[in-house]
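I have placed the structure first, in the form of structure tokens, so that the comments after it can refer back to it.
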Amino acid sequence: MRLKYLFFFLLSINLNSQIELNNLFTDNMVLQQNSNVNFWGSADIGEELVINTTWSEESFRTKVRNNGTWFLKIKTPKAGGPYSISILCNNDTKLIENILIGEVWLASGQSNMEMTLSGRNREPVIGSQDMIAKSNNPNIRFITVGRKTSDKPETTFSGNWVESSQKTSPKFSAVAYSYANYLNEVLDVPVGIIHSSFGGSPAEAWINNKTLNQTLSKEELNYNIKSEHHKPSSLFNGMINPIIPFNINGVIWYQGESNVSRHKNYTQVMNNLIRSWRTEWGLGDFSFYFVQIAPNGSTNQGDGTTQAFLREAQLKTMQSMKNTGMVVTLDIGSTYTNHPPEKKLVGKRLAYWALAKDYGYNNLKFSGPIYDSHNVSDGKVYVKFKYAVNGVTSFGNELNGFEIAGIDKVFYDADASIDPHWSAKPGERSVLILKSDKVPNPLYIRYAWKNYIDGSLYNVEGLPASSFRSYDFE
């Protein structure tokens, strides 16, 4: 093994190499474990290109195409490293060093994913000092895709892989770092994050042009475009296409605020984004876990309802798309900013989904209560939830945000209580009960149906319930 490594080093001193690689294939990178990972680049037309790795005795060979490009699949082992790779073609060599094999995830979205551990002006990240101080960990690595918009699909981007340390981590996405850190801690394997996000961006900017034109009308695509990063497909072209088809285990996504005014088609938009990314990558229905937008009471928008409709649209994506999951943030919103400070907790909640669904932690709970059904008896509404097998709780705090209506469809605040139902079997414990003296014959219920609320309902595992309504009229 040492002789092989020395051979790579000696070859690497050729400074006139014609081999060109995507920035994903550089020192410090992380490759997905137990996979046939995609490698690609350009080199001299018609020449044989050979890749050797220090984890395998096998050589991987291909011929450079007539357009100067090449593509190979390389088998990776279980998590470990560090390793090296040499790429040889026509007496030229590229050497990639300090490679780890582990779990690779893409983190994308808008400013709440983009927000770094160091925070922003007047916008803190709770616990950031401790996270930064403890971030010296070479088994966590990030590559941040440089901001770029484009009218056509790009193949290159600016950015490089870096190891996590107290010097580098302040610039990491806070949510993505928390996610990676928790996975690394629990799984004890290297974790690589490809971070590609852009503040203030709508979902349509992250979808390829073909998908948009096939699924949305010209009127739907003619929304209020204020800048280049608002344009349909502009960020897919500039910041997603260049990293396809690098092998990933899945995606974590935090976006939605820029689509609140277009909540009516957001489920369709997000479902198409997920489908199109899976098609583009060609890796099957990989996991896609996203964050429901947090309550935002800033700039006097707390009493509106448009955010509640967007949260509902996000919930519908989870309910309709395979291998998706949603983190609820009703309990950690903000009255002064749309960038709530609890980024560490959001990352951990995303990690619960991955651990339970991707890594075999079958007993770990991953979702808060989701409305299932209700029945009415003697003027009281009894509400049942999914993902609350041991019941619901407010952890001793006052329940708020519940409303009920009768046949007139006029909603009134409801008194909410929880019947502990100590002797009930699992699935029937801790029943939520709603009532109002103003609605003697209740028909419809809703929870957290406004922009800002301090969420108060959880399952016993401490995961908050999503906002919901039991009707479909506006």
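- Residues forming a salt bridge (charged side-chain N to carboxylate O under 4.0 Å, His left out) with Asp331 (at least two apart in sequence, or on another chain): Arg349.
- Between Phe198 and His229, a ring centre-to-centre spacing shorter than 6.0 Å is recorded.
- Listed by first and then second residue, the side-chain hydrogen bond (donor to acceptor under 3.5 Å, both in side chains) pairs involving residues 179-193 are Asn137-Asn184 (not counting sequence neighbours).
- Counted by atom type alone, Glu257 and Asn296 present zero donor-acceptor pairs between their side chains at under 3.5 Å.
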*Passes side-chain contact (heavy atoms from CB on, under 4.5 Å), Phe288 versus Ile252? Steps please.*
CA-CA 6 Å; Phe288 196 106; Ile252 55 173; over 6 Å; no
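- In this view, Phe473 and Tyr444, Tyr471 satisfy the ring pair (Phe, Tyr, Trp, His ring centres under 6.0 Å) rule, not counting sequence neighbours.
- Counting only heavy atoms from C-beta outward, the side chains of Gln110 and Glu114 never approach each other to under 4.5 Å.
- Partners of Ser164 by side-chain contact (heavy atoms from CB on, under 4.5 Å), not counting sequence neighbours, listed by chain and number: Ser135, Ile140, Ser169, Phe172, Tyr177.
- Side-chain atoms of Asn23 and Thr26 include no donor-acceptor pair closer than 3.5 Å.
- Electrostatic pairing of Lys152 and Glu154 counts as a salt bridge here, judged by a charged N lying under 4.0 Å from a carboxylate O.
- Taking the six-membered ring where the residue is Trp, the centroids of Trp449 and Phe411 are separated by 6.0 Å or more.
- Residues Leu212 and Glu220 are not in side-chain contact: their nearest non-hydrogen atoms beyond the backbone lie 4.5 Å or more apart.
- A cation-pi contact, defined as under 6.0 Å to the ring centre and within 45° of the axis, links Arg262 to Tyr223.
- For Phe290, the ring pair (Phe, Tyr, Trp, His ring centres under 6.0 Å) test picks out no residue, with sequence neighbours left out.
- The NZ atom of Lys365 lies 13.5 Å from the OH atom of Tyr352; values are rounded to the nearest 0.5 Å.
- Between the side chains of Ser436 and Asp413, not a single donor N or O lies within less than 3.5 Å of an accepting N or O.
- Counting only residues at least two apart or on different chains, no side-chain hydrogen bond (donor to acceptor under 3.5 Å, both in side chains) pair has a member in residues 233-246.
- Listed by chain and residue number, Tyr289, Phe366 satisfy the ring pair (Phe, Tyr, Trp, His ring centres under 6.0 Å) test with Trp353 (two or more places apart in sequence, or in another chain).
- A donor-acceptor contact closer than 3.5 angstrom links the side chains of Ser197 and His195.
- Aromatic ring pairs are classed by plane angle as parallel below 30°, tilted from 30° to 60° and perpendicular above 60°; the pair Tyr371 and Phe468 is parallel.
- Within the 4.5 Å cutoff, the side chain of Leu216 has heavy atoms near those of the Gln268 side chain.
- Contacts of His374 classified as ring pair (Phe, Tyr, Trp, His ring centres under 6.0 Å), with partners at least two apart in sequence or in another chain: none.
- Within the structure, every pair that satisfies the side-chain hydrogen bond (donor to acceptor under 3.5 Å, both in side chains) test and touches residues 391-408, not counting sequence neighbours, is listed here: Glu403-Arg446.
- Partners of Ser118 according to the side-chain contact (heavy atoms from CB on, under 4.5 Å) rule, which considers only residues two or more places apart in sequence or in another chain, are Thr116, Pro170.
- Enclosure of atom CD in Gln319 by more than 12 non-hydrogen atoms of other residues, nucleotides or ligands within 6.0 angstrom is indicated.
- Among residues two or more places apart in sequence or in another chain, the side chain to side chain donor-acceptor pair (under 3.5 Å) test is passed with Asn67 by Thr69.
- Counting only N and O atoms by type, the side chains of Thr337 and Glu123 include a donor and acceptor under 3.5 Å apart.
- Scanning for side-chain contact (heavy atoms from CB on, under 4.5 Å) contacts around Glu474 gives Phe309, Arg469, with sequence neighbours left out.
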